Amino acid sequence: MTLRIGSHTFASRLFVGTGKYSSFEVMRKALEASGTGCVTVAIRRVNLNNPQENLLQHLDLKRYVLLPNTAGCYTAEEAIRTARLAREVCQTPLIKLEVIGDQSTLMPDTQATLEATKVLVAEGFTVLAYTNDDIVVAKKLEQIGAAAVMPLAAPIGSGQGILNPLTISFIREQIQVPVIVDAGVGTASDVAVALELGVDGVLLNTGIALAKDPIKMALAMKHAAEAGRLAYEAGRMSKKYTGSASSPKQGMIV
């Protein structure tokens with residue numbers, strides 16, 4: 001059940017964010033309950049000047065692979081500059097590349113994402129590229145060297161779940177690098193659906209952080225990821241238009 005991205009192997013298929021928690025203590029317990037091996041951090045929100053408020057001080061970096069991200073960037077240039085800072089601060093070539101194109105919906109700017117991916121791959125980064133659920137863009141990201149493609153399930157922070165499972169399926173079927181569903185996951189069933197579609201993992205944050213009980217929701221997300229992956233590997237039965245009896249007709253008394 002392991003997942004490999006770049007030089008890293010992950011036992012859990014959940015990637016969990018670190019924003020919006022009520023406290024660092026709640027965040028720490030939720031991350032632990034989720035079973036994740038990889039946490040993402042918005043590098044532009046890390047306060048490097050105050051150790052007490054520095055998020056990195058509250059993460060067990062022996063336990064988690066750190067995945068810095070470029071959240072809050074609106075141009076390719078901003079994202080590239082932030083990725084370079086992240087590599088210096090976090091000492092990792094991993095970067096979740098996020099270039100936003102619209103302030104109201106937070107939908108990605110795919111052209112800028114492609115431009116930034118090309119530059120960062122050339123500089124040796126392992127790029128996990130956040131994008132929309134567009135098979136054409138996903139193919140282009142793969143062709144220029146993205147280590148993983150991260151199509152959104154729904155707008156960031158919306159909790160609407162997977163709005164278009166068909167397009168996610170198209171991407172999964174035609175992309176060879178890992179596909180990680182990112183953004184819009186609101187509850188455990190959304191995680192299970194994503195994994196049942198065959199994607200390699202799910203990245204989420206708000207669905208856990210803003211739950212009434214973040215720690216319990218993190219545990220639910222963990223079990224949903226495991227169940228969804230098992231269901232995908234098991235292979236669901238074919239759907240039928242009509243009903244069919246579960247019991248065989250042979251040997252019936254009447």
Side-chain angles (χ1 to χ4, degrees), residues 1-5 8-22 26-41 59-60 63-65 67 69 96 128 130-133 138 148-173 175 177-239:
M1 195 175 172
T2 58
L3 166 63
R4 187 171 181 82
I5 299 177
H8 295 281
T9 300
F10 302 101
S12 170
R13 292 177 182 271
L14 277 186
F15 297 72
V16 182
T18 52
K20 299 184 179 178
Y21 289 92
S22 58
V26 172
M27 177 198 73
R28 186 186 63 75
K29 290 181 178 178
L31 292 176
E32 184 176 343
S34 75
T36 186
C38 183
V39 296
T40 184
V41 173
L59 295 173
D60 183 354
R63 181 173 190 161
Y64 303 115
V65 172
L67 174 60
N69 67 61
K96 180 200 162 189
L128 291 75
Y130 168 69
T131 183
N132 57 25
D133 56 347
V149 175
M150 308 183 78
L152 55 79
I156 292 173
S158 69
Q160 296 187 51
I162 300 178
L163 296 182
N164 198 336
L166 182 63
T167 55
I168 297 293
S169 296
F170 288 158
I171 293 172
R172 175 60 286 169
E173 290 171 1
I175 297 299
V177 297
V179 176
I180 312 294
V181 163
D182 183 12
V185 172
T187 189
S189 58
D190 299 335
V191 172
V193 169
L195 271 295
E196 287 176 11
L197 290 172
V199 302
D200 300 280
V202 172
L203 190 150
L204 70 160
N205 185 168
T206 310
I208 293 177
L210 296 190
K212 291 181 180 178
D213 186 333
I215 299 165
K216 191 172 289 184
M217 180 59 83
L219 184 61
M221 298 292 194
K222 172 187 176 182
H223 291 314
E226 294 170 351
R229 183 64 185 182
L230 283 172
Y232 169 72
E233 293 176 346
R236 67 164 297 149
M237 62 169 283
S238 300
K239 293 183 179 179

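For the numbers below, each heavy atom of this structure counts, side chains included, while hydrogens, waters and symmetry mates do not. All values derive from a computational prediction rather than experimental measurement.
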| request: Sequence neighbours left out, what passes side-chain contact (heavy atoms from CB on, under 4.5 Å) with Ser189? Give chain and number order. | output: Thr187
| Step-by-step side-chain contact (heavy atoms from CB on, under 4.5 Å) determination, Ile208 to Lys20 | CA-CA 9 Å; Ile208 293 177; Lys20 299 184 179 178; over 6 Å; no
| task | Quickly, which of Ile180, Leu152, Thr36 forms a side chain to side chain contact (heavy atoms under 4.5 Å, CB included) with Leu203? Name it, please. | result | Ile180
Closest heavy-atom contact between [X] and [Y]?
X: Val177; Y: Ala148; answer: CG2-CA, 4.1 Å
X: Phe10; Y: Cys38; answer: CE2-CB, 3.6 Å
X: Gly184; Y: Ser158; answer: CA-OG, 3.9 Å
X: Ala224; Y: Ala188; answer: CB-O, 3.1 Å
X: Leu195; Y: Arg13; answer: CD1-CD, 3.9 Å
X: Val185; Y: Ala153; answer: CG2-CB, 4.5 Å

Close side-chain approach of [X] and [Y], heavy atoms under 4.5 Å:
X: Arg236; Y: Glu196; answer: no
X: Asp133; Y: Phe170; answer: no
X: Leu31; Y: Arg63; answer: no
X: Tyr64; Y: Thr40; answer: no
X: Thr167; Y: Pro151; answer: no
X: Phe15; Y: Ile5; answer: yes

What's the spacing between [X] [atom1] and [Y] [atom2] if we round to 0.5 Å?
X: Ser34; Y: Met217; atom1: OG; atom2: CE; result: 13.0 Å
X: Arg28; Y: Ile215; atom1: CZ; atom2: CD1; result: 8.5 Å
X: Thr9; Y: Arg4; atom1: OG1; atom2: CZ; result: 4.0 Å
X: Asp190; Y: Leu163; atom1: CG; atom2: CG; result: 9.5 Å
X: Asn205; Y: Leu210; atom1: CG; atom2: CG; result: 8.0 Å
X: Leu166; Y: Leu197; atom1: CG; atom2: CG; result: 9.5 Å

| said: For Tyr130, give me all partners under ring pair (Phe, Tyr, Trp, His ring centres under 6.0 Å), at least two apart in sequence or on another chain. | reply: none
| field | Working for side-chain contact (heavy atoms from CB on, under 4.5 Å), residues Met221 and Val16 | value | CA-CA 10 Å; Met221 298 292 194; Val16 182; over 6 Å; no
